[in-house]
*Asks:* 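Following this message is one structure expressed as structure tokens.
When a residue number appears, it is its place in the shown sequence, counting from 1.
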Amino acid sequence: MKVAVVMGGASPEHQVSLASGKGILKAVELLGHMAIPLVIDAEGNWIDGQHEAIEILQACDVTVPALHGEGGEDGRLQGFLEQLQVPYVGSGIAASAVGLDKHLTKAVLRAHGIPVTPGVTLRGAELTDTEAGLQKLKAAGLDFPLFVKPGNGGSSFGVSRATNLPTLLAAIADAAVLDPHVLVEREMVGREIDLAVLEFPDGRIETAPALEIHADPAQPFFDATAKYDSAATRFVVPAPLEPELAERLRRTAIDVFEVLGCAGLARVDFFVPNDGEPVVNEINTFPGFTPASQFPRMWAAAGLSYAEVVDTLIRTAVARG
């Protein structure tokens, strides 16, 4: 098959996407297909030019939209590919758009009875009117320490931990630069557990063994530095979980995938508090896909190589048409 791999994009995750794309290209070639890279630069322009990119995409059997964050993981590229009638890997327009919007994700999951991190979304005047913002936090029963993050995006860009009013106001201002909606959430003290969800060509949806994140203790939390630049961050897979908890997280991850209408793949991230019930932190509808990323590591623990995971994604997309 001819397989186009789209990577890059105008989001803070541009470099991560290039690394994911390169890994996927190599796997596509290993599988015996023709791999065709298509790069979107950091300003959002197709390096080959949009007209040529359209011709290349339409000549391919399937496309892998290996973009993370806005402009690629949020439904925009998926809509473009649907207009071109090009089969592609992963979730469609609606699931991609909702999945990248943390506020919408949590509203939908909450409505379906799936527990999520307690928090509120600040928007408009609430971002600059300190009193209005504090009233909203108080009404929701939120107290320090708090996590502040842009409503859209990933890789922990723009995420801050606030321990008092000055750090909260600074964190809100930082996050608002990246997105007009800002989430303020309760800090969850406990374990960070990720689950990888994969759809197979016959329609089965399965999860790999869970992964536990042990962030670099020198960083304030599992931020972008701990994620990409630290040798001290450790991923433990399979995560040591009681069978009952492992089954509960597995079922919830699949519920999240199905409730949001996802397809192909997703990574569902959980907090497991020391003194309470697990909650969903977020979903990534196209998670990091370098050979060192969490998603392929989890499937490696299930006995599927990186290339076999890519093969599954391609065959599932082609079967779906």
*Asks:* If the condition is ring-ring contact (aromatic ring centres under 6.0 Å, His included), which residues does F271 pass it with, not counting sequence neighbours?
*Replies:*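 Residues passing ring-ring contact (aromatic ring centres under 6.0 Å, His included) with F271: none at all.
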
*Asks:* If you group Ile, Leu, Val, Met, Phe, Trp and Tyr by side-chain heavy-atom gaps below 4.5 Å, do L142 and I172 land in one group?
*Replies:*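 Yes; I172 is reachable from L142 via cluster members.
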
*Asks:* Do the charged groups of E277 and R248 touch, with an N to O distance under 4.0 Å?
*Replies:*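 Looking at E277 and R248, the cut-off is met.
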
*Asks:* Where is the tightest heavy-atom contact between P240 and E212, given as atom of each residue plus distance?
*Replies:*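 Reported closest heavy-atom pair: CD-OE1, 3.7 Å.
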
*Asks:* What closest approach, in Å, do V148 and A175 show between heavy atoms, and which atom pair accounts for it?
*Replies:*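 V148 and A175 have their closest heavy atoms at CG1-CB, 4.2 Å.
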
*Asks:* Tell me whether M34 at atom CE has more than 12 heavy atoms from other residues, nucleotides or ligands lying less than 6.0 Å away.
*Replies:*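 It does not: M34 CE has 12 such atoms or fewer within range.
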
*Asks:* With rounding to the nearest 0.5 Å, note down the distance linking OH in Y306 to OG in S293.
*Replies:*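 Nearest 0.5 Å value for the OH-OG distance: 7.5 Å.
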
*Asks:* State, yes or no, whether a side-chain contact exists between N152 and H103 at a heavy-atom distance under 4.5 Å.
*Replies:*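 No; the side chains remain at least 4.5 Å from each other.
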
*Asks:* Is the shortest heavy-atom distance from the side chain of L249 to the side chain of P278 under 4.5 Å?
*Replies:*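 Yes, close enough: below the 4.5 Å cut-off.
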
*Asks:* Do F286 and I254 land in one hydrophobic cluster if side-chain heavy atoms of ILVMFWY residues count as linked below 4.5 Å?
*Replies:*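 In one cluster: no.
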
*Asks:* Check the orientation of W46 and F80. Use parallel for under 30°, tilted for 30 to 60°, and perpendicular for over 60°.
*Replies:*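 Plane angle between 30° and 60°, so tilted.
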
*Asks:* Assess whether a salt bridge exists between E247 and R250, defined as any Lys/Arg side-chain N lying under 4.0 Å from an Asp/Glu carboxylate O.
*Replies:*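 Salt bridge flag = yes for R250 with E247.
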
*Asks:* Drop me the distance from L18's CG to T290's OG1, to the nearest 0.5 angstrom.
*Replies:*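 Between atom CG of L18 and atom OG1 of T290 there are 12.0 Å.
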
*Asks:* Compare all side-chain heavy atoms of F295 with those of V309 and state whether any distance is below 4.5 angstrom.
*Replies:*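 A side-chain contact exists here, since the closest heavy-atom pair is under 4.5 Å.
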
*Asks:* Quick check for you: to the nearest 0.5 Å, what is the distance between E282 atom CD and L183 atom CG?
*Replies:*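 Taking CD in E282 and CG in L183, the distance rounds to 10.0 Å.
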
*Asks:* Could you report the tightest heavy-atom contact between P37 and D48, atom names first, then the distance?
*Replies:*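 In terms of heavy atoms, the two residues are closest at O-OD2, 4.3 Å.
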
*Asks:* In terms of hydrophobic clustering (I, L, V, M, F, W, Y; side-chain heavy atoms under 4.5 Å; direct or indirect links), are V3 and V318 co-clustered?
*Replies:*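 Same cluster: V3 reaches V318 through Ile, Leu, Val, Met, Phe, Trp or Tyr contacts under 4.5 Å.
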
*Asks:* Tell me whether L84 shares a hydrophobic cluster with L38, the cluster being built from Ile, Leu, Val, Met, Phe, Trp, Tyr side chains joined at under 4.5 Å.
*Replies:*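 L84 and L38: one cluster.
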
*Asks:* Applying side-chain contact (heavy atoms from CB on, under 4.5 Å), run through L25 and M7 and close with a yes or a no.
*Replies:* CA-CA 10 Å; L25 284 168; M7 60 185 115; 3.3 Å; yes

*Asks:* A side-chain contact here means heavy atoms from C-beta on lying under 4.5 Å apart; do L265 and L313 qualify?
*Replies:*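 A side-chain contact exists here, since the closest heavy-atom pair is under 4.5 Å.
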
*Asks:* With a 4.0 Å cut-off, would you call E70 and R76 a salt bridge?
*Replies:*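 Yes, this pair counts.
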
*Asks:* For the backbone of V98 and the side chain of T105, can you confirm whether one donor and one acceptor N or O come within less than 3.5 Å of each other?
*Replies:*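 Pair found, side chain donor or acceptor close to backbone of V98.
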
*Asks:* Please check this pair: side chain of Q78 against backbone of G72, looking for a donor-acceptor N/O pair closer than 3.5 Å.
*Replies:*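 Yes, because the side chain of Q78 sits within donor-acceptor range (under 3.5 Å) of the backbone of G72.
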
*Asks:* Can you measure from CG (D311) to CG (L30) and round to the nearest 0.5 angstrom?
*Replies:*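 The distance works out to 11.0 Å.
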
*Asks:* In sequence, state the C-alpha distance, the side-chain angles, and the governing distance for V236 and H214, and then conclude on side-chain contact (heavy atoms from CB on, under 4.5 Å).
*Replies:* CA-CA 8 Å; V236 177; H214 292 276; 3.4 Å; yes

*Asks:* Do NZ/NE/NH1/NH2 and the carboxylate oxygens of R267 and D194 come within less than 4.0 Å?
*Replies:*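 A salt bridge is present here (some side-chain N lies under 4.0 Å from a carboxylate O).
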
*Asks:* When you look at CZ of R123, are more than 12 heavy atoms from neighbouring residues, nucleotides or ligands closer to it than 6.0 Å?
*Replies:*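 Atom CZ in R123 is crowded, with more than 12 foreign heavy atoms closer than 6.0 Å.
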
*Asks:* What I'd like to find out is whether the side chain of E187 reaches to under 4.5 Å of the side chain of R161, using heavy atoms alone.
*Replies:*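 With C-beta onward as the side chain, the pair touches.
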
*Asks:* Report yes or no: does R320 contribute a side-chain atom to a donor-acceptor pair with the main-chain N or O of G203 at less than 3.5 Å?
*Replies:*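 Between the backbone of G203 and the side chain of R320 there is no qualifying donor-acceptor contact (under 3.5 Å).
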
*Asks:* Taking all atoms of both residues into account, what is the closest heavy-atom pair of G303 and E308, and its distance?
*Replies:*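 Nearest pair, atom of G303 first, then E308: O-OE1, 3.6 Å.
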
*Asks:* Report yes if the side chains of V310 and V28 come closer than 4.5 Å at any heavy-atom pair, otherwise no.
*Replies:*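 Yes. Closest side-chain heavy atoms under 4.5 Å.
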
*Asks:* Step by step, work out the side chain to side chain donor-acceptor pair (under 3.5 Å) result for D255 and T252.
*Replies:* CA-CA 5 Å; D255 285 348; T252 305; 5.2 Å; no

*Asks:* Could you check R297 against F235 for side-chain contact (heavy atoms from CB on, under 4.5 Å), going step by step and ending with a plain yes or no?
*Replies:* CA-CA 9 Å; R297 281 187 192 219; F235 298 131; 3.6 Å; yes

*Asks:* What I want to check is whether the side chains of E131 and Q135 have a donor and an acceptor closer together than 3.5 Å.
*Replies:*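 Indeed, the side chains of E131 and Q135 share at least one donor-acceptor pair under 3.5 Å.
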
*Asks:* Does any non-hydrogen side-chain atom of F200 lie less than 4.5 Å from one of L198?
*Replies:*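 Yes, side chains in contact.
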
*Asks:* Would you say the side-chain atoms of S20 and S17 include a donor-acceptor pair closer than 3.5 Å?
*Replies:*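 No donor-acceptor contact under 3.5 Å links the two side chains.
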
*Asks:* From D61 CG over to M1 CE, what is the distance, rounded to the nearest 0.5 angstrom?
*Replies:*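 Here the interatomic distance stands at 6.5 Å.
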
*Asks:* Ignoring hydrogens and geometry, is there a side-chain-to-backbone donor-acceptor pair from E73 to T285 under 3.5 Å?
*Replies:*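 Yes, E73 side chain to T285 backbone: donor-acceptor pair under 3.5 Å.
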
*Asks:* Of all heavy-atom pairs between A95 and G261, which one has the smallest distance, and what is that distance?
*Replies:*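 Scanning both residues, the minimum pair turns out to be CB-O, 3.4 Å.
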
*Asks:* In the structure I gave you, are the side-chain heavy atoms of V6 and T63 within less than 4.5 Å of one another anywhere?
*Replies:*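 A side-chain contact under 4.5 Å exists here.
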
*Asks:* Can you run down the salt bridge (Lys or Arg N to Asp or Glu O under 4.0 Å) pairs that involve residues 135-145, sequence neighbours left out, and say none if there aren't any?
*Replies:*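 Checked against salt bridge (Lys or Arg N to Asp or Glu O under 4.0 Å) - neighbours excluded - the pairs reaching residues 135-145 are E126-K136.
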
*Asks:* Do V259 and V197 land in one hydrophobic cluster if side-chain heavy atoms of ILVMFWY residues count as linked below 4.5 Å?
*Replies:*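 Linked within one cluster.
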
*Asks:* Check this for me: does any side-chain nitrogen of one of E199 and R204 sit under 4.0 Å from a carboxylate oxygen of the other?
*Replies:*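 Salt bridge: no.
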
*Asks:* What is the minimum heavy-atom distance between V256 and V268, and which atoms define it?
*Replies:*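 V256 and V268 have their closest heavy atoms at CG1-CG2, 4.2 Å.
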
*Asks:* Would K106 and E185 count as a salt bridge (charged side-chain N to carboxylate O under 4.0 Å, His left out) here? Give the steps.
*Replies:* CA-CA 12 Å; K106 288 179 178 178; E185 296 181 336; 2.3 Å; yes

*Asks:* Considering only distance and modelled atom types, tabulate donor-acceptor pairs under 3.5 Å from the side chains of residues 51-58, sequence neighbours left out.
*Replies:*
none

*Asks:* Using 0.5 Å steps for rounding, measure from the CD atom of E29 to the CD1 atom of I24.
*Replies:*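 With rounding to 0.5 Å, CD (E29) is 12.5 Å from CD1 (I24).
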
*Asks:* Given side-chain contact (heavy atoms from CB on, under 4.5 Å), test H181 with T121 step by step and report yes or no.
*Replies:* CA-CA 6 Å; H181 295 164; T121 302; 4.0 Å; yes

